[in-house]
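Have a look at the structure below before the remarks.
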Amino acid sequence: MGINDERDIEANLQIGPTELGMVRLFIYGDGLEIPMDFEPEEAEEIAEEILAAVKGARKVKPPKKGR
């Protein structure tokens with residue numbers, strides 16, 4: 001399974017600080033819960049990667065429907 005493979009799974013994402021000063025990404029859905037805690041510096045790196053992916057995605061022209 002790669003990043004371009006589509007799956008028919010629904011999940012929710014919550015992001016927020018913890019009482020221990022970490023940043024938590026909490027993914028949940030369909031009986032699955034994945035808490036992922038990061039140091040603030042790690043979270044900033046993740047945010048930068050997300051923004052870089054946004055810029056890359058904006059450059060991609062999606063295939064026309066019906067093809």
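Predicted model only: the values in this text are computed from it and were never measured. The chain is numbered in sequence order, starting from 1.
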> Could you give the distance from CD (Glu45) to CD (Glu48), rounded to the nearest 0.5 Å?
Replying inline: 7.0 Å
For the residue pair [X] and [Y], establish whether any side-chain heavy-atom pair is separated by less than 4.5 Å.
{"X": "Thr18", "Y": "Asp37", "answer": "yes"}
{"X": "Tyr28", "Y": "Gln14", "answer": "yes"}
{"X": "Asn12", "Y": "Ile27", "answer": "no"}
{"X": "Glu33", "Y": "Phe26", "answer": "yes"}
{"X": "Leu13", "Y": "Leu25", "answer": "yes"}

>> Under 4.5 Å between side-chain heavy atoms, counting indirect links through other Ile/Leu/Val/Met/Phe/Trp/Tyr residues: same cluster for Leu51 and Val23 or not?
In response: no
> Met22, Ile15: one ILVMFWY side-chain cluster at the under-4.5 Å cut-off?
Replying inline: no
> Can you tell me if CG on Asp8 sees more than 12 non-hydrogen neighbours from other groups inside 6.0 Å?
Replying inline: no
> Taking all atoms of both residues into account, what is the closest heavy-atom pair of Pro62 and Val60, and its distance?
Replying inline: CD-O, 3.4 Å
> How far apart are the C-alpha atoms of Ile34 and Met36, what are their side-chain angles, what is the distance that settles it, and do they pass the side chain to side chain contact (heavy atoms under 4.5 Å, CB included) test?
Replying inline: CA-CA 6 Å; Ile34 304 172; Met36 301 171 66; 3.7 Å; yes
